[in-house]
Amino acid sequence: MFLVVPDPAHGLVVAPESFLDLTPGTEQSLTAQGFAWNSEIEAYTRQTDHSPATVERTAGMLRELGHYVLSSHTPLPTG
């Protein structure tokens, strides 16, 4: 399972529930879309566009790869 959300501090965040969700195909797809692993928050992040359409596009890509996905267009609060 993945969580896909915009975050003011990190841009678009794609967080796996566990490392078992990080299949080679999933990691390759996220990397190809410009995401990079952020070990501080244990999630993939991308600073560019994190609009609602991009959240849905990213969530859809993960669903096509067979993952369950929770997504939100509302940024997570900081602090």
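Model, not experiment: these values are computed from the prediction. All heavy atoms count here, side chains included; hydrogens, waters and symmetry mates do not.
- Val5 and Val69 fall into different hydrophobic clusters, defined by Ile, Leu, Val, Met, Phe, Trp and Tyr side-chain heavy atoms under 4.5 Å apart, directly or through other members.
- Phe2 and Leu65 fall within a single hydrophobic cluster, where Ile, Leu, Val, Met, Phe, Trp and Tyr side chains are chained together by heavy-atom contacts under 4.5 Å.
- Looking at heavy atoms from C-beta onward, Tyr68 lies out of side-chain contact with Arg63 at the 4.5 angstrom threshold.
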Review item, side-chain donor-acceptor pairs of residues 10-25, under 3.5 Å, at least two apart:
residue : atom : partner : partner atom : Å
His10   : ND1  : Asp7    : OD2          : 2.9
Ser18   : OG   : Leu20   : N            : 3.2
Asp21   : OD1  : Met1    : N            : 3.0
Asp21   : OD2  : Met1    : N            : 3.1
Asp21   : OD2  : Glu17   : N            : 3.3
Asp21   : OD2  : Ser18   : N            : 3.1
Thr23   : OG1  : Thr26   : N            : 3.2
Thr23   : OG1  : Thr26   : OG1          : 2.7

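- With a 6.0 Å radius and a threshold of 12 heavy atoms from other residues, nucleotides or ligands, Glu56 has its CD atom above the threshold.
- One finds the CG atom of Leu30 at 9.0 Å from the CZ atom of Arg46 (value rounded to the nearest 0.5 Å).
- Summarising the geometry, atom CG belonging to Leu62 is positioned 11.5 Å from atom CG belonging to Leu70; distances are rounded to the nearest 0.5 Å.
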